[in-house]
There are 2 protein chains.
Amino acid sequence: MALTTELDRVIADRLEQHDMRYTSGRRAIVAALRAIGGPVTLPELLTFSGEVTQSSAYRNLALMQEAGVVRRLVHGADHAHFELAEELTEHHHHLICETCGTVEDFTLDDELERALDDAFVRVAQATGATPTSHLIDVFVVCSNCTAS
Amino acid sequence: MALTTELDRVIADRLEQHDMRYTSGRRAIVAALRAIGGPVTLPELLTFSGEVTQSSAYRNLALMQEAGVVRRLVHGADHAHFELAEELTEHHHHLICETCGTVEDFTLDDELERALDDAFVRVAQATGATPTSHLIDVFVVCSNCTAS
DNA sequence: TTGCTTGCAAATGATTTGCACTGCT
DNA sequence: AGCAGTGCAAATCATTTGCAAGCAA
């Protein structure tokens, strides 16, 4: 199967570095994550991509997370959400509806983001820890749920 | 049983508003959360407070969360973490060790926190949503885990 | 007594895993 | 051939829930 896009190439590389093949099942998952464009639950992913099996989806998402291709988000809701790793897309944060559990992306302007990073490094180092990444969740009641 | 501290009084009030009693089991949970001072998993809580039963602990933590007394934190780790609600303590964020799952609190200075709040309100309203709260997680490798 | 609480044991449900099979390489 | 990947069904395990008994107002 041909590598169609630049993103596919990058992903194929990362997987190779972890001795993983970029199989059609994995392509299907990536394609779905890309098409949907935001964090998705596993059931949503399966619905979108009929060809994918539940256990393989879980397995491949876990492996691809290990390879830095996928990110798993856990909130209070029943299902975890999955999205493409930030390095493959763009650093962003999440708007989470407390009522329906839907997750949307948003970004902060660079200046604020830099100020945060500085603060995080300072805080982490004060405890002797090394910061690796951060996550900002803003909880909301979305327009859908406000209505009802 | 007498109300010993100001915090107990506030908690008793909140529970009453939700038609809940501030029973000894609930006191034990609150006492443990207070004594430990940071986010705790349920097994940790049970170990600390031998008198508490698993199912009652889960039930009471859920109810107290509903009443705004407890906050539940969910990360990738096996167990959720529980802590006293921010309104009873202080607005803060979390430093999470990617390796061992330990969670520690930290705070940001007011100016930065205000800038963030403004940004969040702006972002949320752009989608028609109403922001209610936010959560900042900084992932680290803690000094313990760096060592090993 | 009425109804919130509790403890125990059983149920739930998302996620993981064992195993035999398929298909790259 | 050799080994990663897949699908199915069964196992896990944190968390939830049903139910009968306890206790406060």
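Letters A, B, ... mirror the listed sequences (proteins, then strands); counts begin at 1.
Aromatic ring orientation, F106(A) versus H93(A): tilted (interplanar angle from 30° to 60°). Using cut-offs of 30° and 60° for the angle between ring planes, the H81(B) and H75(B) rings count as tilted.
Between dT5(C) and N60(B), no contact under 4.0 Å exists linking OP1 or OP2 to a side-chain N or O. Regarding contacts with the backbone of dG7(D), a side-chain N or O of S56(A) is found under 4.0 angstrom from either OP1 or OP2. Within the 4.0 Å cut-off from OP1 or OP2 of dT15(C), at least one side-chain nitrogen or oxygen of H79(A) is found. Under 4.0 angstrom from either OP1 or OP2 of dT16(D) there lies no side-chain N or O belonging to Y58(B).
Between H18(B) and E66(B) the shortest heavy-atom distance is CE1-O, 3.6 Å.
The nearest whole Å value for the distance from the CZ atom in F82(B) to the C1' atom in dA14(D) is 10 Å. Across the protein-nucleic acid pair, Q54(A) atom CD and dT15(C) atom P stand 9 Å apart, rounded to whole Å. In this structure, L46(B) places its CG atom 12 Å from C1' of dA14(D), rounding to the nearest Å.
In the set dG7(D), dC3(D), dT5(C), the nucleotide with an atom closest to the side chain of R26(B) is dT5(C).
Residue contacts shown for S55(A) include a base, since a base heavy atom lies under 4.0 Å away.
Distance check: H91(A) NE2 to I136(A) CD1 gives 6.5 Å after rounding to the nearest 0.5 Å.
Residue-to-nucleotide proximity on DNA chain C shows that, of L42(A) and R59(A), the 5′-proximal contact is made by L42(A).
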